[in-house]
Colleague: 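My questions will all concern the structure given below.
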Amino acid sequence: MPEGHTIHRLAADYRNRFGGRRVRVTSPQGKFSDAAALLDGTVLERTEAHGKHLFLGFGTGEWVHIHLGLFGKAAFGAAPAPPPADTVRLRLAGEESYADLRGPAVCALVTDPEKQAVHDRLGPDPLRAADAGEEGAARAWRRISRSRTTIAALLMDQKVVAGVGNVYRAEVLFRHGIDPYRPGRDLAPDQWTAIWADLAALMREGVRLNRIDTVRPEHTPEAMGRPPRVDDHGGEVYVYRRARQACHICGGEIRTADLAARNLFWCPACQPG
């Protein structure tokens, strides 16, 4: 499932290609046809991202709410748009660009109150302007500091922190030497402040580069004289999907286990209990 930086980048891509312009809106697949007909020919006025949720705001005063889920993908191209595949749930087409959305878990036309209800059930997003800085960190800390749940599970709970997925949770805990099984309430306030700031910085880089890189400059392949990572996920990481490989820092073996229905990765030596 795409992590939050991907959704913020999509919001920027839709805005840059279609923002302030009238667009053709169609649903070749047919599952969004009625809503597409209402939006066709209107102006895309705003785009927003909150965690893993994307919102496209049109001149009708309504929003297209998109959640990619496990299989959703958005692809952009230059006009003229080719004939769409029948798997395209939503196509936006303008004079210079088109965008096709396939396989989302959610693609629905919602009102302002319905959109607000989505925001209300989500935690603060390190990349969202409304949550940036100390206020967002404090909102998440109020829940984390009272919880017996592991910090690794809390970071994946979108009601606690929105946008963090499996890669960022594993990597940020490694970068701060935090045992993933530590209960949230056992985390020190300054540790959480540092984790939040690091998440914001890492995810901003993810938006900029369109990939997740989490290793510090001194641990890159060039700096360490090691081969670059070869993985479909891409990006240089410390522990994610590196089970049974040697830790870049201590040389110990990276471990993996199931936690919160996802594979957890960590280094027991660098993240002691």
Side-chain angles (χ1 to χ4, degrees), residues 1-9 51-52 125-127 137 140 144 149-158 160-184 186-273:
M1 183 182 296
E3 306 212 16
H5 75 286
T6 298
I7 309 307
H8 280 267
R9 187 178 175 97
K52 301 181 182 184
D125 177 343
L127 290 178
I144 291 169
T149 302
T150 66
I151 184 60
L154 289 167
L155 284 173
M156 293 283 284
D157 186 341
Q158 299 299 297
V160 178
V161 182
V164 174
N166 207 19
V167 187
Y168 282 119
R169 75 114 172 234
E171 292 298 301
V172 78
L173 291 176
F174 177 88
R175 284 167 59 95
H176 292 269
I178 303 296
D179 175 11
Y181 289 98
R182 184 184 300 183
D186 291 348
L187 207 65
D190 61 332
Q191 289 176 315
W192 171 247
T193 300
I195 287 172
W196 175 267
D198 204 21
L199 280 171
L202 290 172
M203 294 173 75
R204 279 195 297 269
E205 280 297 284
V207 174
R208 186 176 71 86
L209 299 173
N210 199 26
R211 58 183 253 169
I212 300 177
D213 286 296
T214 61
V215 300
R216 296 183 172 93
E218 61 268 29
H219 301 136
T220 62
E222 297 79 11
M224 298 187 73
R226 60 177 176 83
R229 183 167 181 251
V230 179
D231 189 275
D232 291 340
H233 159 73
E236 288 294 332
V237 296
Y238 285 108
V239 294
Y240 178 70
R241 286 172 64 165
R242 296 194 64 245
R244 294 174 293 281
Q245 297 181 41
C247 174
H248 294 324
I249 307 301
C250 73
E253 186 177 277
I254 302 300
R255 293 184 61 184
T256 185
D258 182 73
L259 181 66
R262 301 294 294 277
N263 289 328
L264 173 68
F265 301 90
W266 81 104
C267 173
C270 295
Q271 299 168 260

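Values below: every heavy atom of this structure, side chains too, minus hydrogens, waters and symmetry copies.
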Colleague: Could you give me the CA-CA distance, side-chain angles and deciding distance for E205 and D213, then say whether side-chain contact (heavy atoms from CB on, under 4.5 Å) is met?
Modeller: CA-CA 8 Å; E205 280 297 284; D213 286 296; over 6 Å; no

Colleague: For W192 and L155, which heavy atoms make the closest approach, and how far apart are they?
Modeller: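 Looking at all heavy atoms of both residues, the closest pair is CZ3-CD2, 3.8 Å.
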
Colleague: Rounded to the nearest 0.5 Å, what's the gap from CG on L187 to OG1 on T150? Could you check?
Modeller: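 Atom-to-atom, L187:CG and T150:OG1 are 11.5 Å apart.
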
Colleague: What are the two closest non-hydrogen atoms of L154 and G184, and how far apart are they?
Modeller: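 Smallest heavy-atom distance, with atoms named: CD1-CA, 3.7 Å.
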
Colleague: Hey, does L202 have a side-chain heavy atom less than 4.5 Å from the side chain of R175?
Modeller: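 Yes, close enough: below the 4.5 Å cut-off.
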
Colleague: Of all heavy-atom pairs between P221 and P228, which one has the smallest distance, and what is that distance?
Modeller: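 Heavy atoms only, the tightest pair is CG-CA, 3.7 Å.
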
Colleague: How close do G206 and Y168 get, heavy atom to heavy atom, and via which atoms?
Modeller: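 Smallest interatomic distance, heavy atoms only, reads CA-OH, 3.9 Å.
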
Colleague: Testing V164, I151, L199, V167 one by one against V172 for a side-chain contact (heavy atoms from CB on, under 4.5 Å), which residue passes?
Modeller: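 Of the listed residues V164, I151, L199, V167, the side-chain contact (heavy atoms from CB on, under 4.5 Å) partner of V172 is L199.
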
Colleague: Check the surroundings of atom CZ in R255: do more than 12 heavy atoms from other residues, nucleotides or ligands lie under 6.0 Å from it?
Modeller: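 Count not over threshold, so no.
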
Colleague: Show, in sequence, the C-alpha distance, side-chain angles and deciding distance for I249 and F174, and conclude whether the side-chain contact (heavy atoms from CB on, under 4.5 Å) test is met.
Modeller: CA-CA 10 Å; I249 307 301; F174 177 88; 3.6 Å; yes

Colleague: Could you check C267 against Y238 for side-chain contact (heavy atoms from CB on, under 4.5 Å), going step by step and ending with a plain yes or no?
Modeller: CA-CA 9 Å; C267 173; Y238 285 108; over 6 Å; no

Colleague: Take R182 and Q271, measure what side-chain contact (heavy atoms from CB on, under 4.5 Å) needs, and give me the verdict at the end.
Modeller: CA-CA 10 Å; R182 184 184 300 183; Q271 299 168 260; over 6 Å; no

Colleague: Picking from R226, H248, R229, what satisfies side-chain hydrogen bond (donor to acceptor under 3.5 Å, both in side chains) with E236?
Modeller: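 Going through R226, H248, R229 one by one, the side-chain hydrogen bond (donor to acceptor under 3.5 Å, both in side chains) with E236 is satisfied by R226 alone.
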
Colleague: Less than 4.5 Å apart, side chain to side chain, heavy atoms only: is that true for L264 and Y181?
Modeller: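 When only atoms from C-beta onward are counted, Y181 and L264 do touch, with a gap below 4.5 Å.
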
Colleague: Considering only heavy atoms from C-beta outward, does the side chain of R244 approach that of T256 to under 4.5 Å?
Modeller: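 With C-beta onward as the side chain, the pair touches.
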
Colleague: Any donor and acceptor pair, going by atom type alone, linking the side chain of Q158 with main-chain N or O of G51 inside 3.5 Å?
Modeller: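 Absent.
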
Colleague: If you measure from CE on M1 to OG1 on T6, what distance do you get to the nearest 0.5 Å?
Modeller: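 The OG1 atom of T6 is 12.0 Å from CE of M1, to the nearest 0.5 Å.
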
Colleague: How many angstroms lie between CD in E3 and NZ in K52, if you round to the nearest 0.5 Å?
Modeller: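 These two atoms lie 5.5 Å from each other.
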
Colleague: Might you point out which heavy atoms bring H176 and D198 nearest each other, and give the distance in Å?
Modeller: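 It is NE2-OD2, 2.9 Å.
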
Colleague: As an exercise, state the distance from CG of L127 to NE2 of H8, rounded to the nearest 0.5 Å.
Modeller: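 Here the interatomic distance stands at 4.5 Å.
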
Colleague: With a 4.5 Å cut-off on side-chain heavy atoms, are V161 and P126 touching?
Modeller: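 They are in contact (side-chain heavy atoms under 4.5 Å apart), so the answer is yes.
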
Colleague: For E171 and Y240, indicate whether the former's side chain and the latter's backbone hold a donor-acceptor pair under 3.5 Å.
Modeller: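 Side chain of E171 to backbone of Y240: a pair is present.
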
Colleague: Is V237 close to D231 at the side-chain level, that is, under 4.5 Å between some pair of heavy atoms?
Modeller: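 D231 vs V237: side chains apart.
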
Colleague: Measure across R169 and N263 and return the closest heavy-atom pair with its distance rounded to 0.1 Å.
Modeller: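 Smallest interatomic distance, heavy atoms only, reads NH2-O, 3.9 Å.
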
Colleague: Quick check for you: to the nearest 0.5 Å, what is the distance between Q191 atom CD and L173 atom CG?
Modeller: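 It is 10.5 Å, given to the nearest 0.5 Å.
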
Colleague: Output the distance between atom CG (L259) and atom CZ (F265), rounded to the nearest 0.5 Å.
Modeller: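 Between L259 CG and F265 CZ, I get 12.0 Å after rounding to 0.5 Å.
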
